[in-house]
Amino acid sequence: MEVEATRRWLDQRLTGRAIVELDLVDRRLWKCGDPELAGRRVLGVRRRAKWLWLQLDQGGLAVHLRMTGRFASQPDGKLRATLSTEDGHVHFLDTRCFAEWHHVDALEQVLGRLGPEPWPGVQPAAWWQERMHGLRGAIKPAFMKQDRIAGLGNIAAIELCWLAELDPTTRVPSVGAATWTRVGEACHDHLTRALADALRDGMRYLNDGGGDHDNPFYVYRREGQPCPRCSGLIERFVQAGRGTFWCPGCQV
DNA sequence: ATTCGTGTTTCAAA
DNA sequence: GTTTGAAACACGAA
């Protein structure tokens with residue numbers, strides 16, 4: 001998970017430092033609170049779902065990267081803000097400018113209804129059954145319901161269906177215990193691997209003209225390519241408004 | 001030139 | 001409860 005990788009990156013550079021200046025290049029980032037951060041000290045960096053929380057000595061900064069937000073040591077993109085400390089700069093880049101920064105007393109003020117975190121543990125079948133209880137629609141969009149399970153997005157939902165050999169259109173009530181167990185393992189596998197990839201390479205697979213040659217996923221954005229498991233062809237269709245990639249050969 | 005699709009998530013409407 | 005579309009916005013690809 002890129003957000004967890006970002007959390008560690010920020011923690012290394014900001015925790016224990018005092019903020020010297022916030023240069024808010026694009027005001028649209030700023031959703032609420034006082035943007036005057038000079039003199040505040042960063043006590044720690046935490047994550048909840050895809051929110052980052054920079055705990056300050058007075059309140060904190062809640063940051064959501066949305067689609068294209070990212071932190072970097074060099075301003076090599078659409079620069080929206082720069083956070084300066086005594087010993088360095090942290091730049092915030094965001095092509096589409098959907099990201100949100102909130103200066104509030106507590107992170108809970110900006111969180112919607114969020115279910116529990118599925119990671120870093122391996123959640124057992126009973127956990128998934130409880131989280132999905134009452135849903136009757138397709139499993140893949142259900143994985144993305146933040147009020148049921150926090151932090152799974154489109155890629156995770158796609159990849160974990162593939163890992164669990166599960167047809168993304170399967171109705172939630174017809175998923176059996178053995179499959180839920182596979183889902184739990186698949187979810188842990190995917191998120192752990194996504195974090196390792198992000199720690200190593202960042203989001204290089206979709207950045208600066210590289211095309212898809214660095215795509216680290218099994219089926220995401222691989223329409224027309226052979227399935228790594230059964231060599232069937234990966235297909236794409238739209239489900240609940242989002243692109244869904246899957247292998248009709250081995251996902252049942 | 002124009003349209004389409006995109007890593008997120010919430011919301012309203014049907 | 002479910003499903004869809006729209007909303008933030010920018011840009012590369014078709």
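Note that this is a predicted model, so its numbers are computed, not measured. Quick note on labels: first sequence line is chain A, next is B, and so on, each numbered from 1. Just so it is clear, the values below take in all heavy atoms, side chains as well, and ignore hydrogens, waters and symmetry mates.
Between the CG atom of A:Leu191 and the C1' atom of B:dG7 there is a distance of 14 Å, given to the nearest Å. Taking atom CZ of residue A:Arg96 and atom P of nucleotide B:dT8, one finds them 11 Å apart after rounding to whole Å. Between A:Leu65 atom CG and C:dC9 atom C1' the separation is 16 Å, expressed in whole Å. Rounded to whole angstrom, the span from the CZ atom of A:Arg66 across to the P atom of C:dA7 amounts to 16 Å. When rounded to the nearest whole Å, the span between CZ of A:Arg242 and P of C:dG5 equals 14 Å. Atom CG in A:Leu152 sits roughly 14 Å away from atom C1' in B:dG7 (whole-Å rounding). In this structure, A:Asp94 atom CG and C:dC11 atom P are separated by 11 Å, rounded to whole Å. B:dG7 atom P lies 12 Å from atom CD of A:Glu159, rounded to whole Å.
Nearest to the side-chain atoms of A:His64 among the listed nucleotides B:dG5, C:dC9, B:dT9 stands B:dT9. Checking C:dA10, C:dG1, B:dG7 against the side-chain heavy atoms of A:Arg80 singles out C:dA10 as nearest. Listed nucleotides: B:dG7, B:dT9, C:dT2. Nearest to the side chain of A:Gln146: B:dT9. Checking B:dG7, C:dT4, C:dC9 against every side-chain atom of A:Ile155, the shortest atom distance belongs to B:dG7. Residue A:Met67 has its side chain nearest to B:dT8 when only C:dC9, B:dT8, B:dT10 are considered.
Among the atoms of the strands shown, only primed sugar atoms or phosphate atoms (P, OP1, OP2) are found under 4.0 Å from some heavy atom of A:Leu135.
Rounded to whole Å, the separation between the C1' atoms of C:dT3 and B:dG7 comes to 22 Å. When the C1' atom is used for both B:dT8 and C:dG1, the distance is 23 Å, rounded to whole Å. Separation of the C1' atoms belonging to C:dA8 and B:dA1 is 25 Å when rounded to the nearest angstrom.
A donor-acceptor pair under 3.5 Å links the side-chain atoms of A:Gln251 to the main chain of A:Cys247, judged by distance alone. Side-chain N or O atoms of A:Ser174 include none that pairs as donor or acceptor with a backbone N or O of A:Thr170 at under 3.5 Å.
Applying the 4.0 Å criterion to OP1 and OP2 of B:dT9, one finds that A:Arg148 has every side-chain N and O outside that range. OP1 or OP2 of C:dT3 has at least one side-chain nitrogen or oxygen of A:Arg171 nearer than 4.0 Å. For B:dT9, the OP1/OP2 oxygens have a side-chain nitrogen or oxygen of A:Lys50 closer than 4.0 Å.
Residues A:Ile158 and A:Trp246 do not share a hydrophobic cluster, defined by chaining ILVMFWY side chains whose heavy atoms lie under 4.5 Å apart.
For A:Arg66 and A:Glu100, the salt-bridge test passes: some basic side-chain N is under 4.0 Å from an acidic carboxylate O. A salt bridge links A:Asp76 and A:Arg70; the closest N-O separation between the charged side-chain nitrogens and carboxylate oxygens is under 4.0 Å.
Residues A:Met1 and A:Trp119 fail the side-chain proximity criterion, which asks for heavy atoms closer than 4.5 Å.
Remark: C:dG1 base-pairs with no nucleotide in the shown strands. Criterion, Watson-Crick or G-U wobble with two distances under 3.5 Å.
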